[in-house]
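First comes the structure, then the notes that go with it.
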Amino acid sequence: MIRPAKDFLRFALAVFAALLGFMPFAVGEVSFLNRGLVDVEVAGDVLLAISTDGELLRSTNDGSSFSVSFTSDPFEKPQALAASGQVVIAVCEGGVVLRSGDAGVTWGEASFPLSFATLTSAATNGAGTWIAAGQSTGKGYLLRSTDNGVNWSSVAFSQEGSIETIDYDTTATTWMLGGWKLSGGRTGIAFRSTNGTSWSEVTLPAETTSVSAITANGAGQFGMVGANGFLAVLATDGSVIASDSQTFSETLTAIDFSSAGDWIAGGMENLLIRFALAGEELTTSVAQASLPGAPEVAAISEDASGRLFVASEVGFEASVPDPKVRIDLTDGELVITATGLGLGREYSLLKSTDLLAFEEVPDSSFVATSGTTRWIVSQELAETTPVFWKLAEN
């Protein structure tokens, strides 16, 4: 039987013995690719990726196997992908733009201005206009296409520093880009535009030292992450609705908006977090704790079924990140806490005595309305019987 955390129960020492073998987190489906990745993108039912060697990779079986569809020049390595329908854009070092009109089967160089640039991000409004962003000779650099990525032209943009990320919100028809500049130290910068040609600067919290990734939710809001655990949600007019730079210390490097209705972000040491707006505050939870020595998360992309692909320099992890389950025994009370829950997702608490067969705890099924939930668990246990707990998504 499970009871709400507010109902306090007392337990015998036999329960303490059961805790010796608890499972700290639920194991999910993980698939690894035998090469590092710098980006991953879903284009319909095709999974696309960029390897650290500059190869463009393509999979039609959810990443079980990949084929190399393009190998770049060493001085023109692809840095980021963006897709709309069958059109896929890869932006590269050297200011090069690669284009595919068949979901990554074949690639060709688009027409672009010659420049000493490094392009780091691209986005589209879904109606044929694309913007690619990066830096050239110490300043932010933008290219724009109005014919679905075939021809590109420079956009006047004189901001010093580097533009690292760009996205477009379809509901508000607004672009947002972010990066950093050196001004008495590194400082985060962000700009917005409704036409892609004229840009106005956004005022960020004073502690923002960089903006590394931005994603729109399609409903008039942008999620933003950066160095030193910075995360924020902005309205399309550029105002900061809520921000947080205290909860996490790890630099956050990637972000995507989830079908669960929240943002999922990744960072250094393989950290994955979820965050969402609750009024004018942010609720945050850890989906995967940081692991010292682990690679940083390079990119996150979600497919139509809600499956997340998390890329890093050791390959990728294909799963919906599993919540963590922590068990505490305090003053004889057995408290199970689950964090990292996807809003709107349904979960159940499972138990096992042998790590082989798990059974659902009666009355434990619930739909997450926040990133964390807690239970007091009551059951009679033999003193020598270990019990293993995990949380499963239904």
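Each residue takes its place number in the sequence, starting with 1.
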Are Leu231 and Ile273 close enough, and set up right, to give a side chain to side chain contact (heavy atoms under 4.5 Å, CB included), and what steps lead you there? CA-CA 10 Å; Leu231 54 96; Ile273 68 169; 3.5 Å; yes
What I want to find out is whether Lys351 reaches Glu359 closely enough, with some N-O distance under 4.0 Å, to be called a salt bridge. yes
Asp73, CG atom: more than 12 neighbouring heavy atoms under 6.0 Å: yes
Decide yes or no on side chain to side chain contact (heavy atoms under 4.5 Å, CB included) for Arg192 and Thr194, but give the supporting numbers first. CA-CA 7 Å; Arg192 63 178 294 275; Thr194 56; 3.8 Å; yes
Run the side chain to side chain contact (heavy atoms under 4.5 Å, CB included) test on Leu56 and Val68 for me, step by step, so that the C-alpha distance in whole Å, both residues' side-chain angles and the decisive distance to 0.1 Å come before the verdict. CA-CA 6 Å; Leu56 294 175; Val68 178; over 6 Å; no
Would you give the length of the straight line joining atom CG of Leu119 to atom OG of Ser136, rounded to the nearest 0.5 angstrom? 9.0 Å
Consider only side-chain heavy atoms of I, L, V, M, F, W and Y, link residues closer than 4.5 Å, and tell whether Met268 and Val225 are in one cluster. no
Without swapping roles, check the side chain of Asp256 against the backbone of Glu302 for a donor-acceptor pair under 3.5 Å. yes
Backbone N or O of Thr170 within a donor-acceptor pair of the Thr173 side chain at under 3.5 Å? no
Rounded to the nearest 0.5 Å, what separates atom CD in Gln159 from atom CD in Glu201? 5.5 Å
Looking only at heavy atoms, the pair that brings Ala232 and Ser243 closest together is CB-CB, 3.8 Å
Hey, is the main chain of Ala103 close enough, under 3.5 Å, to the side chain of Arg58 for a donor-acceptor pair? yes
Taking side chain as C-beta onward, heavy atoms only, is Arg274 less than 4.5 Å from Ser258? yes
Between Asp262 and Phe257 the two heavy atoms that sit nearest each other are O-CD1, 3.5 Å
Pairs involving residues 80-100, ordered by first then second residue, that meet ring-ring contact (aromatic ring centres under 6.0 Å, His included) (sequence neighbours left out): none
If you group Ile, Leu, Val, Met, Phe, Trp and Tyr whenever their side-chain heavy atoms sit less than 4.5 Å apart, what else falls in with Ile214? Met176, Val202, Leu204, Val211, Phe222, Met224, Phe230, Leu234, Val240
Mind running side chain to side chain donor-acceptor pair (under 3.5 Å) on Ser51 and Asp53 for me, showing each step along the way? CA-CA 5 Å; Ser51 77; Asp53 294 329; 4.7 Å; no
What are the two closest non-hydrogen atoms of Lys139 and Ser158, and how far apart are they? CD-O, 3.9 Å
Over 60° means perpendicular and under 30° means parallel, so classify the ring planes of Phe275 and Trp263, tilted if in between. parallel
Hey, could you give me each pair passing side-chain hydrogen bond (donor to acceptor under 3.5 Å, both in side chains) that has a residue in residues 98-112? Not counting sequence neighbours. Ser69-Trp107, Ser100-Asp102, Asp102-Thr106
Can you find a pair of side-chain heavy atoms, one from Asp39 and one from Leu37, that are under 4.5 Å apart? no
Residue from Ile255, Val40, Leu272 passing side-chain contact (heavy atoms from CB on, under 4.5 Å) with Ile300: Leu272
Could you tell me whether Glu281 atom CD has more than 12 heavy atoms of other residues or ligands within 6.0 Å of it? no
Drop me the distance from Thr146's OG1 to Trp152's CH2, to the nearest 0.5 angstrom. 10.0 Å
By side-chain hydrogen bond (donor to acceptor under 3.5 Å, both in side chains), Thr71 pairs with (sequence neighbours left out) none
Nearest 0.5 Å please: distance from the CG atom of Leu81 over to the CG atom of Leu98. 9.5 Å
Contacts satisfying ring-ring contact (aromatic ring centres under 6.0 Å, His included) that involve residues 126-151 (not counting sequence neighbours) are none
Which atoms form the tightest heavy-atom contact between Gly218 and Asp169, and what is the distance? N-OD1, 3.0 Å
Nearest 0.5 angstrom please: Asn125 CG to Ser84 OG, how far? 8.0 Å
Any side-chain heavy atom of Thr187 sitting closer than 4.5 Å to one from Thr209? no
Is it true that Ser59 and Asp62 share a donor-acceptor pair across their side chains at a distance under 3.5 Å? no
Say whether, by atom type as modelled, one donor and one acceptor occur between the side chain of Ser364 and the main chain of Ser348 under 3.5 angstrom. no
Hey, is the main chain of Ala206 close enough, under 3.5 Å, to the side chain of Thr208 for a donor-acceptor pair? no
For Asp147 and Ser145, does a side-chain donor sit closer than 3.5 Å to a side-chain acceptor? yes
Is there a side-chain contact between Ile264 and Leu308 (heavy atoms, below 4.5 Å)? yes
Please round to the nearest 0.5 Å and tell me the distance separating atom CG of Asp244 and atom OG1 of Thr283. 10.5 Å
Tell me whether the count of non-hydrogen atoms from other residues, nucleotides or ligands lying under 6.0 Å of CD in Glu160 goes above 12. no
Quick check: does any side chain N or O of Ser290 sit under 3.5 Å from a backbone N or O of Leu271, one acting as donor and the other as acceptor? no
Within the 4.5 Å heavy-atom criterion, are Lys77 and Cys92 side-chain neighbours or not? no
If you apply the rule side chain to side chain contact (heavy atoms under 4.5 Å, CB included), what do you find for Leu48 with Val88, and how did you get there? CA-CA 9 Å; Leu48 302 168; Val88 186; 3.6 Å; yes
Under 3.5 Å donor-acceptor, Thr171 side chain and Gly220 backbone: no
Is a donor on one side and an acceptor on the other found under 3.5 Å between the side chain of Thr120 and the backbone of Gln79? no
For Gly149 and Ala110, the nearest pair of non-hydrogen atoms, with its separation, is O-CB, 3.4 Å
Flag side-chain contact, heavy atom, 4.5 Å: Glu164 against Ser162: yes
Any sub-3.5 Å donor-acceptor pair from Ser312's side-chain atoms to Glu296's backbone N or O? no
Heavy atoms only: give me the nearest Leu143-Pro113 pair and the separation to one decimal. CD2-CD, 3.6 Å
Donor-acceptor pair, side chain of Ser212 and main chain of Leu252, under 3.5 angstrom: yes
List, by chain and then residue number, the residues other than Trp175 in its hydrophobic cluster (Ile/Leu/Val/Met/Phe/Trp/Tyr, side-chain heavy atoms under 4.5 Å); write none if there are no others. Ile131, Leu142, Val155, Phe157, Ile163, Ile166, Tyr168, Leu177, Ile189, Phe191, Trp199
